[in-house]
Amino acid sequence: MKDINRNADISVDAKCPQCGELMANMGLDFKSPAKNDDKKWQHIKSLYRVGITFHSCGCSGPGYIPEDKENLISYLEKIRSDYQESLTFWRNRTEPENKAEREKDYQRNWQKLSAISNNAKKEGVSNHEGIDYWIKRIHEVEERLRLASK
């Protein structure tokens with residue numbers, strides 16, 4: 001987190017006023033729990049460790065924030081399940097062989113193709129690209145699950 005050093009017009013690392021340690025940037029939508037609520041602070045630490053913060057554009061808030069460790073794990077498991085479904089799609093997909101098939105494939109699966117490439121309509125997306133993409137996402141969420149389970 002950064003603070004503004006008004007004298008130098010530069011940003012500096014923000015430090016906790018009580019312990020002097022660097023503070024985490026939890027976002028503008030973050031509302032801190034009571035100072036002595038150790039259970040909630042541990043949960044906030046878990047959220048931060050897996051990359052969940054309270055940042056948003058200001059329109060609709062930061063989105064879903066799991067309330068406790070069990071909900072956090074359940075949330076991450078749901079994400080992993082969704083990613084595994086996407087991986088299954090790419091493993092079972094018949095790759096188009098010509099322009100007409102690519103266009104038909106794009107009409108049917110544009111959301112899945114666009115998740116992999118911004119140029120999916122023009123260039124197409126190979127099954128190999130889709131499989132690699134979703135395997136990487138699954139590994140990332142499994143690492144987050146490992147951290148959340150600590």
Side-chain angles (χ1 to χ4, degrees), residues 1-6 10-96 102 105-150:
M1 186 164 188
K2 301 284 185 180
D3 278 341
I4 301 294
N5 180 338
R6 298 193 192 284
I10 58 170
S11 62
V12 295
D13 291 332
K15 295 184 179 180
C16 173
Q18 275 142 3
C19 70
E21 294 290 320
L22 291 177
M23 294 195 306
N25 184 354
M26 294 302 290
L28 294 175
D29 294 319
F30 177 68
K31 294 186 180 30
S32 63
K35 188 176 175 179
N36 60 352
D37 193 340
D38 293 337
K39 186 176 179 180
K40 283 190 181 175
W41 278 110
Q42 272 306 115
H43 181 61
I44 296 297
K45 185 177 179 181
S46 295
L47 290 173
Y48 185 74
R49 193 176 341 164
V50 300
I52 297 175
T53 59
F54 298 77
H55 291 91
S56 72
C57 66
C59 299
S60 59
Y64 175 68
I65 304 286
E67 296 176 5
D68 54 32
K69 185 176 184 174
E70 293 77 28
N71 285 333
L72 174 59
I73 290 170
S74 186
Y75 173 69
L76 293 172
E77 286 173 342
K78 170 72 170 105
I79 291 172
R80 180 178 57 188
S81 175
D82 292 346
Y83 289 1
Q84 288 170 334
E85 284 181 27
S86 294
L87 178 60
T88 299
F89 165 82
W90 286 97
R91 286 183 169 155
N92 295 325
R93 174 179 173 245
T94 302
E95 199 165 323
R102 260 196 321 271
D105 184 48
Y106 185 79
Q107 292 298 319
R108 270 187 268 127
N109 302 309
W110 67 271
Q111 288 178 312
K112 290 177 170 59
L113 297 168
S114 297
I116 309 302
S117 170
N118 292 333
N119 292 327
K121 187 171 185 173
K122 289 182 183 178
E123 298 173 6
V125 180
S126 72
N127 288 354
H128 181 71
E129 290 173 295
I131 290 168
D132 286 350
Y133 177 87
W134 288 109
I135 286 174
K136 184 177 178 185
R137 299 285 93 67
I138 289 168
H139 287 304
E140 289 170 357
V141 79
E142 284 175 345
E143 175 62 16
R144 292 170 79 189
L145 265 165
R146 188 187 66 74
L147 291 170
S149 297
K150 284 185 174 182

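Nothing here was measured: the structure is a model prediction, and the numbers come from that model. FYI, side chains are in, hydrogens and waters are out, and symmetry mates aren't considered; it's all heavy atoms of this structure. Start at 1 with the first residue, then count along the sequence.
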- Verdict with reasoning, L22 to K15, per side chain to side chain contact (heavy atoms under 4.5 Å, CB included): CA-CA 4 Å; L22 291 177; K15 295 184 179 180; 4.0 Å; yes
- Message: Assess the residue pair Y48 and M26 against the criterion (side chain to side chain contact (heavy atoms under 4.5 Å, CB included)); give the C-alpha distance rounded to whole Å, side-chain angles, the decisive distance to 0.1 Å, and a yes or no.
- Response: CA-CA 7 Å; Y48 185 74; M26 294 302 290; 3.4 Å; yes
- Pair I52-R144, side chain to side chain contact (heavy atoms under 4.5 Å, CB included): steps then yes or no: CA-CA 10 Å; I52 297 175; R144 292 170 79 189; 3.6 Å; yes
- Would you sort out whether I65 and D29 count as a side chain to side chain contact (heavy atoms under 4.5 Å, CB included), showing the intermediate values? CA-CA 11 Å; I65 304 286; D29 294 319; over 6 Å; no
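Using a 4.5 Å heavy-atom cutoff, the side chains of P62 and T53 are not in contact.
Annotation for E143: atom CD counts as buried by contact number, over 12 foreign heavy atoms lying within 6.0 Å.
For L145 against I73, the heavy-atom pair with the smallest separation is CD2-O, 3.8 Å. The two residues W90 and K112 come nearest to each other via the heavy atoms CZ2-O, 3.5 Å. A pairwise comparison of heavy atoms in P17 and M23 identifies CD-SD, 4.4 Å as the closest pair. Minimum interatomic distance between A115 and W134 (heavy atoms only, all atoms of both residues): CB-CZ2, 4.4 Å. Summarising the geometry of I116 relative to V125, their closest heavy-atom pair is CG2-CG1, 3.6 Å, with the distance given to 0.1 Å. The nearest pair of heavy atoms linking S114 to A120 is N-CB, 4.1 Å.
At least one donor-acceptor pair under 3.5 Å links the side chain of T88 to the backbone N or O of Q84. Using modelled atom types, no side-chain atom of S117 and backbone atom of L113 make a donor-acceptor pair closer than 3.5 Å. Put simply, the side chain of K150 never gets that close to the backbone of S46: no donor and acceptor are under 3.5 Å apart. The backbone N or O of P96 lies less than 3.5 Å from no partner atom in the side chain of R102, so there is not a single donor-acceptor pair.
Contact check on D132 versus K136 returns no salt bridge, with no Lys/Arg side-chain nitrogen under 4.0 Å from an Asp/Glu carboxylate oxygen.
Annotation: cation-pi pair R93/F89 absent, no NZ/CZ under 6.0 Å from the ring centroid and within 45° of its normal.
Side-chain contact annotation: H128 with S126, donor-acceptor N/O pair under 3.5 Å absent.
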For residues 30-41, which side-chain donor-acceptor pairs fall under 3.5 Å, sequence neighbours excluded?
from: D37; atom 1: OD1; to: K40; atom 2: N; distance (Å): 3.3
from: W41; atom 1: NE1; to: A34; atom 2: O; distance (Å): 2.9

